[in-house]
Amino acid sequence: MKEEDCLLKFEIQGGEFLDSGESSVVIKDYLKKIGIPHPFIRRVLIATYEAEMNVVAHAERGTLCFMIAEKTVVIRVQDKGPGIPDVDLAMQKGYSTATQEVRQMGFGAGMGLPNMKQNSDTLIINTEVGTGTEVIMEFTL
Amino acid sequence: MKLDIIANELNWKLLTKISLTKIDIDTGYSGDLLSDVLANCEPGSLWITIQKHKNILGVAAAKDISAVILAGGIIPDDALIETAEKRDLAVFTTEETAFITSGKLYRLLKKDGV
């Protein structure tokens, strides 16, 4: 996957909760237009929303890239941020390192990564503590 | 059951100027944790919550939620209402708590045989 393969690309700013979550809406319109069935679209949107919100909640900034290859939708999210020290722990339902402020807004329930795993067919997490995280999710039609 | 009938029956105040007559509702979901709503709310539901920030619109879009009810007298800012209108999403407010609102909605939908 190369940078130019991105059909849609979004910049994500850490901490900017109120102006985030919009990528889901744009991706939804795109998939609807090309006739993708609703249940499939919902899977993509849930996982994408969670991935975007993880960057907003934890990282400095990031990018979200939406691609389609053959019968597969690929979402790649890369961020500059703290990284995930223990991915297995982060994958556990209910585990979260979100701040109290973030939790009050209804985020940080420790369900983000589990939701991403449940709704994607493949979830790859490449992370380096102190540098950032890359998440690649594939959804096969 | 048609949304305009439900809203009228339960005395919800509509904040967005959109037509309700074509919206059919079978079920609802109550929750303030966004990931929980994303994971468990049925598509097409009414969503009862006390969250009022703009991000609830992203959740509503992802789950094809038909309408959002802000319980406990919560009023969102104008920007949220404006964006919801653009997306044809009905947003209501009610003075009653999420618990009471959920209970009344459940009873009404049950009575209707849904």
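Each chain gets a letter, A, B and so on, in the order its sequence line appears, and its residues count up from 1. The basis for the numbers below is simple: all heavy atoms, side chains too, and nothing from hydrogens, waters or symmetry mates.
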Look at atom OH of B:Tyr106 and say whether more than 12 heavy atoms of other residues, nucleotides or ligands are closer to it than 6.0 Å. no
same_hphob_cluster(B:Ile100, B:Ile69) at 4.5 Å side-chain heavy-atom cutoff: no
Which residues satisfy the salt bridge (charged side-chain N to carboxylate O under 4.0 Å, His left out) test with A:Arg61, sequence neighbours excluded? none
Could you state whether B:Leu105 and B:Phe99 fall into the same hydrophobic cluster, counting links through intermediate Ile, Leu, Val, Met, Phe, Trp or Tyr residues with side-chain heavy atoms under 4.5 angstrom apart? no
Heavy atoms of other groups near B:Lys2 NZ, more than 12 under 6.0 Å: yes
Chain B interface, residue from A:Gly106, A:Pro39, A:Ser23 that has the most non-hydrogen pairs under 4.5 Å: A:Gly106
Show every side-chain hydrogen bond (donor to acceptor under 3.5 Å, both in side chains) that has at least one partner inside residues 101-114 of chain A, sequence neighbours left out. none
Tell me whether the count of non-hydrogen atoms from other residues, nucleotides or ligands lying under 6.0 Å of CZ in B:Arg87 goes above 12. yes
Distance from A:Phe107 atom CZ to B:Gln51 atom CD, nearest 0.5 Å? 8.0 Å
Pairing residues for B:Cys41 by the disulfide bond (SG atoms under 2.5 Å apart) criterion, not counting sequence neighbours: none
Should we count CD1 of B:Ile50 as having more than 12 external heavy atoms under 6.0 Å? no
Toward chain A, the part of B:Asp32 with a non-hydrogen atom under 4.5 Å: backbone
Which portion of A:Tyr49 sits near chain B, non-hydrogen atoms under 4.5 angstrom: side chain
Considering only heavy atoms, which portion of B:Val59 lies under 4.5 Å from any heavy atom of chain A: side chain, backbone, both, or neither? both
Measure the spacing between CG of B:Asp64 and CZ of A:Arg42 and express it to the nearest 0.5 Å. 5.0 Å
Find the distance between CG (B:Leu38) and OG (A:Ser24) and round it off to the nearest 0.5 Å. 8.0 Å
Side chains of B:Leu34 and A:Glu50: does their closest heavy-atom pair fall under 4.5 Å? no
Neighbourhood of chain B inside residues 109-124 of chain A, taking heavy atoms under 4.5 Å as contact: A:Ala109, A:Met111, A:Gly112, A:Asn115
Do the side chain of A:Lys28 and the main chain of B:Ala62 share a donor and acceptor less than 3.5 angstrom apart? no
Does one hydrophobic cluster hold both A:Leu8 and A:Val73, with members joined at side-chain heavy-atom distances below 4.5 Å? yes
